[in-house]
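Dumping the structure here so I can ask a few things about it.
Source: prediction; values computed, not measured. Scope of the values below: all heavy atoms of this structure, side chains included, with no hydrogens, waters or symmetry mates. Residue numbers run from 1 in the order of the sequence given.
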Amino acid sequence: MPDFRPPEHQVAGHRASANKLGPLIDGSGLFYKPLQAEDRGEHELAFYEAFSTHAAVPARIRDTFFPRFHGTRLLPTESRPGEPHPHLVLDDLLAGLEAPCVLDIKIGAITWPPSSPEPYVAKCLAKDRETTSVLLGFRVSGVRVVGPGGTVWRTERPEVKALDTAGVRRVFRRYVSSVADEGMDCTLAAAVYGGKGGVLSQLRELKAWFEEQTLFHFYSASILLGYDASAVAASGGEGGVRVKLVDFAHVAEGDGVIDHNFLGGLCSLIKFISDIVPEIPETQPLGPS
């Protein structure tokens with residue numbers, strides 16, 4: 001039987017426990033996400049079923065930036081013994097990374113789809129205004145950094161909710177710093193953010209698709225950044241940098257219109273990270289062009 005357990009690299013959302021449903025991994029490279037309550041779970045399932053076979057979605061975009069969908073599976077859960085719950089079966093996006101460093105970023109100044117009821121809109125709007133969503137077009141949902149000796153630095157939910165623009169900037173700098181304390185040397189910025197396969201290069205490729213695609217509007221979706229701290233530290237270069245889109249419970253039909261809400265947040269994120277990369281000393285190359 002697979003060894004189902006909560007992923008240690010989870011930085012946002014509910015963690016699986018005796019009281020709550022949450023995602024699980026099985027050690028074989030698969031990720032099991034419980035269908036959410038009300039119609040959100042069914043809505044996300046419908047998106048994956050449509051997106052995974054949509055002829056208008058370029059294969060490279062689907063394979064590079066989205067989790068591969070493997071259907072659904074009923075799993076027993078600690079929170080509901082005797083009541084198997086349906087789970088989406090997806091690729092574990094961080095499988096194979098020895099020391100995964102993760103940054104979860106919710107994209108868009110508006111995080112609710114147009115069909116949302118007024119109470120839900122009010123709830124989302126309040127959260128968007130309290131965080132940097134309205135101001136920056138994105139907000140940090142969680143971060144995990146593995147430092148020397150395996151020490152782990154991560155943010156807690158109250159800390160994340162309180163982040164202002166300066167705080168978000170510190171998080172993005174800390175994400176590519178090798179020190180084990182609160183210092184921020186950004187020594188990994190060239191390897192992680194810069195270079196041919198770095199975060200910025202991948203985000204720009206994703207941006208080029210969003211400048212054209214009118215199939216879907218990705219409300220409240222997130223971009224997940226990941227890299228292997230051990231690989232980057234050992235090689236000073238390639239560290240399995242990954243840029244993935246996740247969380248599709250609120251995706252809406254595009255109806256032939258550009259998703260300006262997501263695209264705007266994505267452009268803002270690219271600019272935000274680009275402002276960090278030039279701060280690298282000139283003696284430290286940005287990587288291959």
Side-chain angles (χ1 to χ4, degrees), residues 9 11 57-68 91 93-108 136-141 143-146 168-169 171-178 184-213 218 221-247 258-260 262-289:
H9 49 66
V11 296
V57 177
R60 174 167 173 79
I61 292 296
R62 180 166 43 231
D63 296 343
T64 302
F65 297 111
F66 289 81
R68 184 173 296 136
D91 281 349
L93 299 179
L94 300 173
L97 301 186
E98 180 182 339
C101 296
V102 190
L103 182 54
D104 188 308
I105 309 150
K106 189 175 292 292
I107 305 295
L136 297 178
F138 66 87
R139 68 174 180 255
V140 171
S141 296
V143 63
R144 176 185 191 269
V145 180
V146 181
V168 171
R169 182 176 176 80
V171 166
F172 275 87
R173 290 174 59 86
R174 181 65 183 87
Y175 183 63
V176 291
S177 293
S178 62
M184 291 174 283
D185 53 21
C186 291
T187 56
L188 306 179
V192 176
Y193 291 151
K196 186 175 181 179
V199 168
L200 283 173
S201 175
Q202 294 189 55
L203 289 179
R204 286 168 181 146
E205 181 179 355
L206 189 61
K207 171 177 169 284
W209 181 63
F210 269 93
E211 289 173 336
E212 299 178 351
Q213 80 88 14
F218 290 84
S222 293
I223 287 178
L224 193 74
L225 306 183
Y227 72 90
D228 190 337
S230 297
V232 171
S235 66
E238 289 294 321
V241 176
R242 301 175 186 183
V243 175
K244 304 289 184 177
L245 267 70
V246 297
D247 298 337
I258 294 289
D259 186 358
H260 291 287
F262 191 97
L263 179 59
L266 179 56
C267 290
S268 178
L269 176 62
I270 290 171
K271 174 65 166 62
F272 205 85
I273 297 175
S274 297
D275 287 344
I276 295 175
V277 175
E279 297 175 6
I280 305 167
E282 293 184 5
T283 55
Q284 187 176 357
L286 289 178
S289 58

- Check whether any side-chain N or O of Asp228 sits under 3.5 Å from a backbone N or O of Glu98 as a donor-acceptor pair, and report yes or no. yes
- Message: Between Asp247 and Ser222, is there a side-chain heavy-atom distance shorter than 4.5 Å?
- Response: yes
- Query: So do the side chains of Ser274 and Arg204 get within less than 4.5 Å of each other, counting heavy atoms only?
  - Reply: yes
- Can you check whether Cys101's main-chain N or O pairs, donor with acceptor, with Tyr175's side chain at less than 3.5 Å? yes
- Minimum side-chain heavy-atom gap Ile276-Arg169 below 4.5 Å: yes
- Under 3.5 Å: donor-acceptor pair, side chain of Arg144, backbone of Pro100: yes
- Task: Identify the heavy atoms of Val146 and Ala229 that sit nearest to each other, and give their distance.
- Result: O-CB, 3.5 Å
- Look at the side chain of Ser268 and the backbone N and O of Gly264, then say whether any donor-acceptor pair between them is shorter than 3.5 Å. no
- Indicate yes or no: at least one non-hydrogen side-chain atom of Lys207 is less than 4.5 angstrom from one of Phe262. no
- Item | Residues Leu97, Tyr227; criterion side-chain contact (heavy atoms from CB on, under 4.5 Å); working and verdict | CA-CA 7 Å; Leu97 301 186; Tyr227 72 90; 5.7 Å; no
- Looking at CD of Gln202 and CG of Leu200, how far apart are the two atoms once the value is rounded to the nearest 0.5 Å? 10.0 Å
- Message: Could you measure the distance from the CZ atom of Arg62 to the CZ atom of Arg68? Nearest 0.5 Å is fine.
- Response: 10.5 Å
- Task: Compare all side-chain heavy atoms of Val243 with those of Leu224 and state whether any distance is below 4.5 angstrom.
- Result: no
- Message: Could you check whether any side-chain heavy atom of Tyr193 comes within less than 4.5 Å of a side-chain heavy atom of Val241, counting everything from C-beta outward?
- Response: no
- Message: Would the distance check show the side chain of Arg242 and the main-chain N or O of Leu93 forming a donor-acceptor pair, the cut-off being under 3.5 Å?
- Response: yes
- Query: Under 3.5 Å, side chain of Ser201 to main-chain N/O of Gly197, donor-acceptor pair present?
  - Reply: no
- Distance, nearest 0.5 Å, that separates CG of Leu263 from CD of Glu211: 6.0 Å
- Val171 versus Val168: any side-chain heavy-atom pair under 4.5 Å? no
- Item | Residue of the set Val176, Leu203, Val192 for which side-chain contact (heavy atoms from CB on, under 4.5 Å) holds with Ile273 | Leu203
- Message: As a test of understanding, state which of Val143, Asp275, Leu269 forms a side-chain contact (heavy atoms from CB on, under 4.5 Å) with Phe172.
- Response: Leu269
- Look up atom CD1 in Ile107 and atom CZ in Phe218, then write down how far apart they are to the nearest 0.5 Å. 12.0 Å
- Look up atom CG in Leu136 and atom NZ in Lys271, then write down how far apart they are to the nearest 0.5 Å. 11.0 Å
- Closest heavy-atom pair and its distance - Ser177, Arg173: OG-O, 2.8 Å
- Item | Ile223 side chain near Leu266 side chain, heavy-atom distance below 4.5 Å | yes
- Message: Using modelled atom types and a 3.5 Å cut-off, is there a donor and acceptor pairing between side-chain atoms of Lys244 and backbone atoms of Thr64?
- Response: yes
